Amino acid sequence: MPTIAVLGGGITGLSAAYYLKHLQPHKGAVILFEASSRLGGWINSEILRDGTRLEIGPRTLRATGAAGANSLAMAHHLGLENKIIPVRYGHPTTRNRMIQVGGELHTLPSSLKTAFQTTPPFSKPLVLSLLHDLRAAKVSNNDESLYSFVNRRFGSEVADYIIDPLTRGVFAGNARELSVKSLGKVLHEYEQTHGGVVKGALMNLFTIKKKDPLLKNELVRKARTEKWAVWSMTSGIGTLVDSLTNRLILDGVEIRKNSKVDTIKSDRGKMIIKCGSEISIVDHIISCLSSKDMSSIVGLNFQLKSFLEKIPFVTVGVVNLVYEGNSIVKQAAFGYLVPSSEPSNVLGVIFDTCAFPQENKTVLTVMMGGYWFNSLFGYNPSKDVLLNAAILEVHNTLHIKTEPCSAKVSILQDCIPQYVVGHTEAVENARQLLIKDNVPMKLAGNSYDGVGVNDSIMSARNAVMCLQL
Ligand SMILES: Cc1cc2nc3c(=O)[nH]c(=O)nc-3n(C[C@H](O)[C@H](O)[C@H](O)COP(=O)(O)OP(=O)(O)OC[C@H]3O[C@@H](n4cnc5c(N)ncnc54)[C@H](O)[C@@H]3O)c2cc1C
Ligand SMILES: C=Cc1c2[nH]c(c1C)Cc1[nH]c(c(CCC(=O)O)c1C)Cc1[nH]c(c(C)c1CCC(=O)O)Cc1[nH]c(c(C)c1C=C)C2
């Protein structure tokens with residue numbers, strides 16, 4: 001029976017081990033290596049002594065799309081449905097997403113009605129940007145930056161006030177450097193195939209779509225019927241990690257914590273893993289490490305290393321602020337994002353307790369830095385600098401004068417990979433190289449096929465599906 005090693009105990013690694021046992025299902029040994037003493041990677045739900053729940057990493061999973069359905073199906077199989085808290089379309093956090101321009105908060109248009117109105121900071125109704133796209137000439141290219149694509153097709157206001165802040169609110173990144181082909185694949189395809197985004201979207205209406213087989217899943221159907229937009233769990237996203245871990249233990253997966261893989265190499269169809277003084281020889285590896293960590297362990301395979309090294313990462317400062325009382329923030333909203341044109345060190349602020357209320361507490365999360373982290377805060381800022389910046393931000397923008405009753409500051413070093421122009425090809429080249437050299441290894445995780453939790457789980461599933469055992 002072949003032995004499979006899963007590298008990394010973040011959500012991708014845990015999901016890969018889960019799919020090995022439940023999708024294929026693999027009868028041989030599965031060993032999971034995790035460098036640290038805890039599982040979950042960037043997923044980090046914390047419960048304070050007074051019971052207040054904080055999320056330092058991800059806080060919601062999208063319920064929509066194929067990857068959204070896939071995660072829900074996994075949650076269903078893990079028996080988590082009673083612990084899920086959905087946020088339905090129509091809830092203020094799905095309608096009210098704000099941006100800060102000139103120090104003022106503005107709600108982004110979120111309905112057909114508001115798209116026909118002129119709402120500041122826009123100088124004209126958003127619907128006119130669709131006409132801009134219909135009139136804009138097609139430019140044939142293989143990839144370009146998200147900003148330049150949107151600026152060309154929809155105009156500068158959509159690029160500056162929607163795409164720029166949204167790129168900060170998902171990638172903590174710079175829309176002028178990130179790839180439209182990787183992040184807006186469909187938009188890029190519509191222009192290349194149909195000459196424009198609106199034209200492509202209209203053509204798409206007439207194509208027959210395959211029914212997603214996951215729609216048979218009870219929880220997926222419930223989410224569709226009840227119009228869930230996003231979801232979390234009663235004790236936070238960490239519950240997914242705990243539940244997966246328990247399942248893997250029952251499935252007989254060998255979980256090795258505190259086991260940092262130092263090097264891996266391929267030798268006559270096997271993979272050799274060096275971890276401290278221990279050597280393990282396995283038949284296949286599913287790497288669920290970030291490309292950055294992976295590049296430091298691939299040893300002599302310089303070509304693979306050079307592909308992996310080219311994917312940049314950004315650091316995010318996360319400050320969770322807790323206040324006594326429920327009426328600290330006046331606006332009922334998801335939160336707000338700050339476009340890069342604003343003179344601010346803040347990327348955005350999430351109003352956590354608006355989506356997921358907690359008894360007599362208001363929780364806000366201020367996210368800072370990202371692509372601009374080092375230029376704003378230097379290489380080793382003290383946590384006090386970030387805390388003070390966060391308190392000043394909510395004081396100035398949300399007019400919160402009271403002191404938080406507790407706060408948590410985290411500096412998440414190199415936490416979000418940046419899919420820069422050319423990313424899709426670089427990933428494809430890295431995967432092809434492994435196939436060409438007969439290296440029995442798959443690459444999964446948020447460095448390659450999407451940065452969300454859903455994408456990570458889906459990439460684990462795809463890696464397992466591609467295994468030929
Ligand atoms: C601040 C923040 C907010 C986010 N918000 C959301 C959100 O709201 N919704 C959403 O869907 N997504 C969100 N994300 C993204 C999501 O958290 C990540 O995409 C996802 O957690 C990545 O999981 P992963 O398993 O691929 O990687 P990781 O979590 O990075 O896991 C990799 C694991 O590998 C281990 N490791 C590293 N090197 C080695 C080694 N040499 N040997 C063994 N183990 C090693 C690490 O310790 C780690 O546990 C957010 C991310 C951040 C940082
Ligand atoms: C301000 C910085 C950040 C905020 N969230 C993140 C950063 C860097 C990280 C992040 N947020 C989401 C994802 C997953 C995306 C996915 O593929 O599912 C990641 C990596 C979720 C998300 N955040 C926003 C949107 C529109 C989404 C997509 C899912 C959804 O519709 O909810 C916007 C947003 N992010 C932040 C704020 C303050 C904000 C909008 C007001 C914080």
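Everything numeric in this text was worked out from a predicted model, so none of it was measured. Side chains included, hydrogens not; waters and symmetry mates left out as well; all remaining heavy atoms used. First listed ligand is number 1; within each ligand, the first listed atom is number 1.
In this structure, the protein non-hydrogen atom closest to atom 37 (C) of ligand 2 is Leu337 CD2, 3.5 Å. For atom 36 (N) of ligand 1, the closest non-hydrogen atom on the protein side is Leu289 CD2, 3.6 Å. Looking from atom 31 (O) of ligand 2 to the surrounding protein, the closest heavy atom is Arg97 NH1, 3.0 Å. Scanning all protein heavy atoms for the shortest distance to atom 14 (C) of ligand 2 gives Gly452 CA, 4.0 Å. The protein atom (non-hydrogen) at minimum distance from atom 4 (C) of ligand 2 is Gly169 O, 3.2 Å. The protein heavy atom nearest to atom 8 (C) of ligand 2 is Arg168 O, 3.6 Å.
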request  = Decide yes or no on salt bridge (Lys or Arg N to Asp or Glu O under 4.0 Å) for Glu278 and Arg256, but give the supporting numbers first.
outcome  = CA-CA 12 Å; Glu278 259 183 55; Arg256 296 190 189 166; 3.7 Å; yes
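No side-chain N or O of Thr60 forms a donor-acceptor pair with one of Ser232 less than 3.5 Å apart. There is a side-chain donor-acceptor pair under 3.5 Å between Thr365 and Asn320. Looking at Tyr18 and His77, their side chains do bring a donor and an acceptor atom within 3.5 Å of each other.
Every atom of ligand 2 with a heavy atom of Ala172 under 4.0 Å away is listed here by number and element: 8 (C). For ligand 2, the atoms closer than 4.0 angstrom to any heavy atom of Asp455 are 17 (O). With ligand atoms numbered from 1 in the order given, ligand 2 contributes 38 (C) to contacts under 4.0 Å with heavy atoms of Val349. Contact atoms of ligand 2 toward Gly348: 1 (C) (distance under 4.0 Å to a heavy atom of the residue). Ligand-side atoms of ligand 1 in range of Arg59: 7 (C), 8 (O), range being under 4.0 angstrom from any heavy atom. Listed by number with element, the atoms of ligand 2 under 4.0 Å from a non-hydrogen atom of Gly335 are 41 (C). Using a 4.0 Å cut-off to heavy atoms of Phe33, the atoms of ligand 1 that qualify are 43 (C), 44 (N).
Between Thr60 and ligand 2, no N or O atom pair is found at a separation short of 3.5 Å. At a 3.5 angstrom cut-off on N or O pairs, Asn454 does not count as close to ligand 1. Looking at Arg62 next to ligand 2, an N or O pair under 3.5 Å apart turns up.
Using a 4.0 Å cut-off between charged nitrogen and carboxylate oxygen, Asp242 and Lys83 do not count as a salt-bridge pair.
Using a 4.0 Å cut-off between heavy atoms, Glu34 contacts ligand 1 through both its backbone and its side chain. Contacts of Leu7 with ligand 1, taken as heavy-atom pairs under 4.0 Å, are absent altogether. Looking at Ala35 against ligand 1, both its backbone and its side chain come within 4.0 Å, counting heavy atoms. Heavy atoms of Asp293 found under 4.0 angstrom from ligand 1 belong exclusively to the side chain. Under 4.0 Å from ligand 1, the heavy atoms of Ser259 that appear belong solely to its backbone.
Considering only non-hydrogen atoms, atom 22 (C) of ligand 2 lies nearest to Val170 out of Val170, Val230, Asn454. Scanning Gly169, Ser459, Pro58 for the heavy atom closest to atom 4 (C) of ligand 1 points to Pro58.
More than 12 heavy atoms of other residues, nucleotides or ligands sit less than 6.0 Å from atom CD of Glu189. Atom NZ of Lys292 sits in a sparse spot, with 12 or fewer heavy atoms from other residues, nucleotides or ligands closer than 6.0 Å. Dense packing is recorded around CG of Asp267, with more than 12 heavy atoms of other residues, nucleotides or ligands lying under 6.0 Å away.
Annotation: side chain to side chain contact (heavy atoms under 4.5 Å, CB included) contacts of Thr93 (sequence neighbours excluded): Val87, His91, Phe334, Cys354, Ala355. Residues that satisfy the side chain to side chain contact (heavy atoms under 4.5 Å, CB included) test with Asn174, not counting sequence neighbours, are Arg176, Glu177, Tyr371, Trp372.
The aromatic rings of Phe149 and His188 sit tilted relative to each other, their planes meeting at an angle between 30° and 60°.
Under a 4.0 angstrom heavy-atom cut-off, Leu61 registers as lying outside contact with ligand 1. No heavy atom of Ser290 sits closer than 4.0 Å to any atom of ligand 1.
Contact annotation for atom 28 (C) of ligand 2: protein absent (non-hydrogen atoms, distance under 4.0 Å).
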